[in-house]
Amino acid sequence: MTTYAESVPLSPVPNDDGIDAAVAAARRVVNALLHAGADSAAPMTDLARDLNRIASQLEEHAPAREERFVGMWAGRPRHDPVTGPENALAPPLHLHGLPDGSVTGTVTLGLPYQGPPGCVHGGISALLLDHALGVANSWGPGPDGMTGTLSVRYHRTTPLFEELTVRARQQSSEGRRIHTTGEILADGQVCVSADGIFVAKHVARPVAQDEGGR
């Protein structure tokens, strides 16, 4: 790990145009649909027609799945469901690496991520932490790898519409075994914590056929 004097952005930075802007608009649509609900006076049937037209246009211009896989992994990934500016499922969470080897970030979650009334779904909390722990492994002093086990403890409900702090740190590594922990906090209180064991291995990135792919 290279030592830095201050925090370093580790999540992809969204652009103000192109696919990032389109994805941001899609997130707004998802939020607005949930907020409006079935009893809204909005013309839902007409909206569905317009949204299907947009989806058809995107599908018409989409490359083959295998080609898209190559493009997704050609550089720094921007498509993951936690921090990816190209993924409408991502809140997104913005993570930074700190000089002490840990990572931290903030996120505010809305209605698409609701579980209990007014609270974040437990599976979403686990998703955020699994990703943050993986980023901590890449940033920390030891090796990184893939999730082997993830133990999640829910200390209290995690609120929607409030800024949450997500932080993680690699605790140790021995051979291929990596131990990493993390937590989600609201107003300084731990809502969810996670303890993960990772394995120092990686799935090969897809490559184009002319670069040796099959």
Side-chain angles (χ1 to χ4, degrees), residues 1-4 6-12 27 31 34 77-85 87-203:
M1 180 190 71
T2 303
T3 301
Y4 294 89
E6 55 187 24
S7 67
V8 176
L10 300 178
S11 301
R27 289 195 191 107
N31 275 282
L34 275 172
R78 306 179 81 254
H79 59 267
D80 75 77
V82 177
T83 65
N87 192 333
L89 298 179
L93 171 66
H94 301 287
L95 291 169
H96 289 76
L98 301 181
D100 64 2
S102 66
V103 302
T104 187
T106 58
V107 66
T108 300
L109 301 175
L111 289 177
Y113 307 101
Q114 182 173 222
C119 304
V120 178
H121 192 291
I124 298 299
S125 296
L127 173 66
L128 295 179
L129 284 167
D130 181 57
H131 186 83
L133 267 61
V135 173
N137 288 332
S138 297
W139 175 252
D144 64 349
M146 301 179 67
T147 310
T149 61
L150 184 70
S151 300
V152 181
R153 180 181 177 188
Y154 299 92
H155 302 261
R156 53 179 50 84
T157 56
T158 305
L160 296 174
F161 309 114
E162 294 184 23
E163 185 176 79
L164 306 174
T165 298
V166 182
R167 56 193 189 193
R169 177 193 295 271
Q170 185 179 110
Q171 299 294 340
S172 64
S173 62
E174 183 177 353
R176 298 177 63 199
R177 180 186 173 94
I178 307 160
H179 178 211
T180 313
T181 60
E183 55 193 5
I184 299 174
L185 302 92
D187 196 24
Q189 292 189 309
V190 176
C191 300
V192 189
S193 61
D195 193 291
I197 299 298
F198 292 75
V199 181
K201 61 181 291 187
H202 296 276
V203 175

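All values reported here derive from a predicted model rather than from experimental measurement. Just the heavy atoms: all of them, side chains too, but no hydrogens, waters or symmetry mates, feed the values below.
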Colleague: Just by modelled atom types, is the Leu95 backbone N or O under 3.5 Å from a matching donor or acceptor in the Ser11 side chain?
Modeller: yes
Colleague: Show your working on side-chain contact (heavy atoms from CB on, under 4.5 Å) between Leu109 and Thr158 and close with a plain yes or no.
Modeller: CA-CA 10 Å; Leu109 301 175; Thr158 305; 5.8 Å; no
Colleague: Is any side-chain heavy atom of Leu133 closer than 4.5 Å to one of Leu150?
Modeller: yes
Colleague: Quick one: are His155 and Ser193 in side-chain contact, heavy atoms under 4.5 Å?
Modeller: yes
Colleague: List the residues meeting side chain to side chain contact (heavy atoms under 4.5 Å, CB included) with Ala136, not counting sequence neighbours, and say none if there are none.
Modeller: Val103, Ala168, Thr180
Colleague: Residues two or more places apart in sequence or in another chain: which of them pass side chain to side chain contact (heavy atoms under 4.5 Å, CB included) with Leu34?
Modeller: Leu111, Pro112
Colleague: Which of these, Thr104, Val190, Thr106, sits in a side chain to side chain contact (heavy atoms under 4.5 Å, CB included) with Leu185?
Modeller: Val190
Colleague: Is there a donor-acceptor pair under 3.5 Å between the side chain of Asp144 and the backbone N or O of Asn137?
Modeller: no
Colleague: Of all heavy-atom pairs between Leu129 and Val192, which one has the smallest distance, and what is that distance?
Modeller: CD1-CG1, 3.7 Å
Colleague: Crowded around His96 NE2? As in, over 12 foreign heavy atoms under 6.0 Å?
Modeller: yes
Colleague: What's the shortest heavy-atom distance between Gln170 and Ile178, and which atoms?
Modeller: NE2-CG2, 3.5 Å
Colleague: Donor-acceptor check, side chain of Arg27 to backbone of Asn87, threshold 3.5 angstrom: yes or no?
Modeller: yes
Colleague: Which heavy atom of Leu164 sits nearest to which heavy atom of Ala186, and what is that distance?
Modeller: CD2-CB, 3.7 Å
Colleague: Tell me the closest heavy-atom pair linking Thr83 and Leu93, and the distance in Å.
Modeller: CG2-O, 3.1 Å
Colleague: Is there side-chain contact between Glu162 and Thr108, with at least one heavy-atom pair below 4.5 Å?
Modeller: no
Colleague: In Å, rounded to the nearest 0.5 Å, how long is the span from NE2 of His121 to CG of Leu160?
Modeller: 11.5 Å
Colleague: What pair of heavy atoms forms the shortest contact from Pro12 to Pro77, and how long is it?
Modeller: CG-O, 3.4 Å
Colleague: Name all residues meeting the side chain to side chain contact (heavy atoms under 4.5 Å, CB included) criterion together with Arg177; count only those two or more places apart in sequence or in a different chain, and write none if there are none.
Modeller: Ile197
Colleague: For the salt bridge (charged side-chain N to carboxylate O under 4.0 Å, His left out) test, which of Arg169, Arg167, Arg156, Arg153 pairs with Glu183?
Modeller: Arg167
Colleague: Do you know the tightest heavy-atom contact between Ser125 and Tyr154?
Modeller: CB-CE2, 4.2 Å
Colleague: Just verifying a value: how many Å separate Ser173 OG and Phe198 CZ, rounded to the nearest 0.5 Å?
Modeller: 13.0 Å
Colleague: With distance as the sole test, does Asp130 use its side chain to make a donor-acceptor pair with the main-chain N or O of Ala126 at under 3.5 Å?
Modeller: no
